[in-house]
Protein chains: 2
Amino acid sequence: MVDADRGERSPAVPDRLVAEATRMFAERGFERTSVQDLVTAAGVTKGAMYHYFDSKDDLLYAIFQRLLAMQRERLDGYAKAPGPVADRLRAAAADLVRTSIENMDEAVIVFRSLHMLSPERQRAIRAERRDYQERFLAMVEEGRREGVFRSEVPLNIVATQFFGAVHHLGMWYRRGGGLDGAGLGDHFAELLMSGLLARD
Amino acid sequence: MVDADRGERSPAVPDRLVAEATRMFAERGFERTSVQDLVTAAGVTKGAMYHYFDSKDDLLYAIFQRLLAMQRERLDGYAKAPGPVADRLRAAAADLVRTSIENMDEAVIVFRSLHMLSPERQRAIRAERRDYQERFLAMVEEGRREGVFRSEVPLNIVATQFFGAVHHLGMWYRRGGGLDGAGLGDHFAELLMSGLLARD
DNA sequence: AAGGATATCGAACACGGGTTCGATTTCCGC
DNA sequence: GCGGAAATCGAACCCGTGTTCGATATCCTT
């Protein structure tokens with residue numbers, strides 16, 4: 001019973017740990033989730049966990065990276081795609097909202113528990129996120145140069161407000177509220193575009 | 001040397017404690033600030049603190065309430081003022097941004113450490129905030145009835161995105177960045193209005 | 001089948017945390 | 001100035017925490 005079993009019975013231990021940690025950190029918060037509760041929920045003991053992760057911090061860091069790496073990769077897709085920049089930007093924005101909602105647990109953790117990471121790792125994550133926003137802003141800038149975006153409000157403020165709203169999703173969005181991730185993504189993207197285009 | 005002294009030398013102990021707690025909770029986070037560090041910074045001992053506050057939680061709760069009560073009161077002012085609803089809403093929005101920036105420490109704590117409160121108090125704070133948003137939304141609804149606001153995007157989503165962005169301010173706004181609270185408030189309000197008014 | 005490496009266990013450790021409480025000092029009305 | 005109440009101290013307490021580590025079980029290679 002080896003890899004074949006892992007696929008059919010239950011996931012490998014590291015994966016189970018990350019999965020449980022994601023669920024519990026999102027629900028109770030990082031600091032209110034003890035390592036003991038965590039490993040119990042995952043059906044192992046502390047020793048097993050410390051075999052795969054150097055610390056509780058490590059586990060948290062892994063969660064951060066998974067979501068951010070995924071979203072950065074997706075953004076790259078839109079940035080490099082052909083077509084008008086306005087369309088690509090709108091699609092990228094809607095996609096960010098959608099993936100944030102579909103990975104709500106991770107999203108909640110990222111925006112709520114960043115300051116629980118060790119300082120170096122905080123810096124690393126912040127850098128990654130800054131990188132994401134800069135790539136995003138590069139598309140906005142591209143649109144501005146082409147004369148597509150010409151808002152009264154500084155464009156980076158428009159984009160920043162959008163990011164703020166996205167990061168805050170975890171605080172209020174609940175499933176089954178009559179609006180799924182894709183629907184909300186469309187609205188959010190629409191709102192972003194109206195901000196970038198508006199001129200009164 | 002009593003009240004007169006409190007006014008001229010240093011604030012009363014409970015005030016000092018709240019002030020230090022606000023600063024430290026915002027900087028290091030609630031859970032990374034020990035009661036010992038806190039009382040040392042405030043120049044007293046644990047006993048003094050536990051004389052005024054039942055728990056560390058109590059202290060946190062006091063910080064929450066101060067900011068929320070202040071902002072709710074201000075919102076009421078705009079809601080009850082005379083004049084077109086669009087103007088009042090814009091002013092209220094700009095004011096929320098401004099007061100959030102001027103009380104950045106409290107704002108950071110509110111949005112970052114809500115889940116550290118005891119469940120009952122979490123509920124209480126959430127209820128207060130919901131109340132705030134409902135009053136705000138009532139003005140939006142007023143404008144919709146009058147035909148002033150007619151966005152493609154559902155109005156409550158526009159408003160919610162605005163709140164999200166405001167709550168997220170603490171994550172990126174830094175003083176001395178060439179844009180003060182009032183200036184940013186204007187931009188944010190402008191953006192909110194453009195969302196509420198837009199129709200394409 | 002043997003052997004070493006990997007995975008998992010389980011108990012103990014070290015430590016800092018929030019909280020309690022009786023002693024001591026400071027304050028204020030009489 | 002006295003006396004009781006309020007404020008403050010300081011040390012001890014208890015508990016849960018993340019982490020370590022040697023022992024044991026399981027696996028994969030040869």
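We name chains A, B, ... by the order of the sequence lines, and we start the count at 1 in each one. Remember, it's a predicted structure, so these values are computed and weren't measured experimentally.
Listed here is the closest heavy atom pair of A/R98 and A/G181: CG-C, 3.6 Å. Here the closest non-hydrogen pair linking B/S118 and B/D57 is N-OD2, 3.2 Å.
Hydrophobic cluster membership is shared by B/F30 and A/M116, with clusters built from Ile, Leu, Val, Met, Phe, Trp and Tyr side chains linked at under 4.5 angstrom. Linking Ile, Leu, Val, Met, Phe, Trp and Tyr residues whenever their side-chain heavy atoms come within less than 4.5 Å leaves B/V148 and B/Y78 in two separate clusters.
For A/L60 and D/dG18, the CG to P distance is 12 Å, given to the nearest whole Å. Separating the CG atom of B/L17 from the P atom of D/dC9 is a distance of 10 Å, rounded to the nearest angstrom.
Listed by first and then second residue, the ring-ring contact (aromatic ring centres under 6.0 Å, His included) pairs involving residues 92-151 of chain A are A/F136-A/F162, A/F136-A/F163 (not counting sequence neighbours). Note on residues 34-57 of chain B: no pairs pass ring-ring contact (aromatic ring centres under 6.0 Å, His included), not counting sequence neighbours. Applying the side-chain hydrogen bond (donor to acceptor under 3.5 Å, both in side chains) test to every pair with at least one member in residues 64-75 of chain A, sequence neighbours left out, gives these pairs: A/Y61-A/Q65, A/Q65-A/E128, A/R66-A/E106, A/Q71-A/T99, A/Q71-A/S100, A/R74-A/D95.
If you check residues 114-122 of chain B against DNA chain C, you find no residue with a heavy atom closer than 4.0 Å. The stretch residues 34-58 of chain B comes close to DNA chain D through B/V44, B/T45, B/G47, B/A48, B/H51, B/Y52, each having a heavy atom under 4.0 Å from the strand.
The shortest distance between side-chain heavy atoms of B/H187 and B/L179 falls below 4.5 Å. Taking the side chain as every heavy atom from C-beta outward, A/I157 and B/F188 approach each other to under 4.5 Å.
Taken over five-pair windows at either terminus, the axes of the helix from C/dG4-D/dC27 to C/dC30-D/dG1 are inclined to one another by 10° (rounded to 10 degrees).
Looking only at atom types and distance, the side chain of A/T40 has a donor-acceptor partner in the side chain of A/Q36 under 3.5 Å away.
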